[in-house]
Amino acid sequence: QVQLVESGGGLVQAGGSLRLSCAVSGNIFSINAMGWYRQAPGKQRELVAAITNEGKLNYADFVKGRFTISRDNAKSTVYLQVNSLELEDTAVYYCNTFREAHPPYYPFTSWGQGTQVTVSS
């Protein structure tokens, strides 16, 4: 079983930046990729970015070069650097794991508590 703990969210002004972290523990042998999702109030959860064990990256179109996903295998942590934040980026951000090494991705770990990102004007 895999456990996920997200952190790093907060309140930031538009144009600001944050670095989100996702600590992974447990049985990681079936993981071939990881990703960050977000869920805004009243909206469905959506995939923001993904990174495979080989370092291949995928981003949602709305990221527009503002977000960067990375990983530190020694720390079993996946990061999401979010820059040039916009009001529309306000959401709870979650990470999850994938058995697939390429899209489409299907999350298979129970969702963590997420980390709240609030962007103010």
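For the single chain, residues carry numbers from 1 onward in sequence order. For the numbers below, each heavy atom of this structure counts, side chains included, while hydrogens, waters and symmetry mates do not.
Because its NZ or CZ atom is both nearer than 6.0 Å to the ring centre of Tyr79 and within 45° of the ring axis, Arg19 counts as a cation-pi partner of that residue. For the pair Arg38 and Tyr94, the cation-pi test (distance below 6.0 Å, angle within 45°) is failed.
Atoms CG and CD1, on Asn53 and Ile28 in that order, are 8.5 Å from each other to the nearest 0.5 Å. Taking CD1 of Ile51 as the reference point, atom NZ of Lys56 lies at 12.5 Å (rounded to 0.5 Å). The structure places CZ of Phe108 at 8.5 Å from CD of Glu100, a figure rounded to the nearest 0.5 Å.
Gln39 is not listed as a side-chain neighbour of Tyr93, based on a closest heavy-atom distance of 4.5 Å or more.
A chain of hydrophobic side-chain contacts below 4.5 Å, direct or via other Ile, Leu, Val, Met, Phe, Trp or Tyr residues, connects Val119 to Trp36. Hydrophobic cluster membership differs between Leu11 and Leu18, with clusters built from Ile, Leu, Val, Met, Phe, Trp and Tyr side chains linked at under 4.5 angstrom. Under the 4.5 Å side-chain heavy-atom criterion for ILVMFWY residues, a single connected hydrophobic cluster contains both Leu20 and Val24. Transitive grouping of hydrophobic side chains (ILVMFWY, heavy atoms separated by less than 4.5 Å) brings Val2 and Val78 into a common cluster. Cluster annotation: Phe62 is connected to Leu87 through the hydrophobic network of ILVMFWY side chains, with a link wherever side-chain heavy atoms come within less than 4.5 Å.
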Thr97 and Leu4: CA distance, side-chain angles, deciding distance, side chain to side chain contact (heavy atoms under 4.5 Å, CB included) verdict: CA-CA 9 Å; Thr97 58; Leu4 305 168; 4.1 Å; yes
Side chain to side chain contact (heavy atoms under 4.5 Å, CB included) evaluation trace for Arg66 with Asp89: CA-CA 11 Å; Arg66 301 180 296 123; Asp89 295 318; 2.7 Å; yes
Worked check of side chain to side chain contact (heavy atoms under 4.5 Å, CB included) between Val48 and Leu80: CA-CA 9 Å; Val48 175; Leu80 185 68; 4.3 Å; yes
Test log, rule side chain to side chain contact (heavy atoms under 4.5 Å, CB included), inputs Leu47 and Tyr105: CA-CA 9 Å; Leu47 182 63; Tyr105 293 114; 4.1 Å; yes
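Taking each heavy atom of Phe98 and Ala50 in turn, the nearest pair found is CE1-CB, 4.1 Å. Residue Cys22 comes nearest to Met34 through the heavy atom pair SG-CE, 4.0 Å, listed as atom of the first residue, atom of the second, then distance. Considering all non-hydrogen atoms of both residues, Ile69 and Tyr59 come closest at N-OH, 3.0 Å. Heavy atoms only, all atoms of each residue included: Ala101 and Thr52 are closest at O-CG2, 3.2 Å. Across all their heavy atoms, Gln1 and Gln3 have their closest contact at O-NE2, 3.6 Å. Of all heavy-atom pairs between Ser84 and Ser17, the closest is N-OG, 4.2 Å.
Thr90 contributes no side-chain N or O that, together with a main-chain N or O of Thr118, makes up a donor-acceptor pair within less than 3.5 Å. With Glu6 contributing its side chain and Cys95 its backbone, the two residues share a donor-acceptor pair below 3.5 Å. Side chain of Asn96 to main chain of Ser110: no donor-acceptor pair is present (N/O by atom type, distance under 3.5 Å, no hydrogens or angles). With hydrogens and angles ignored, the 3.5 Å screen pairs no side-chain donor or acceptor of Asn73 with any backbone N or O of Ser76.
Under a cut-off of 6.0 angstrom, the local environment of CG in Leu57 is crowded, with over 12 non-hydrogen atoms contributed by other residues, nucleotides or ligands.
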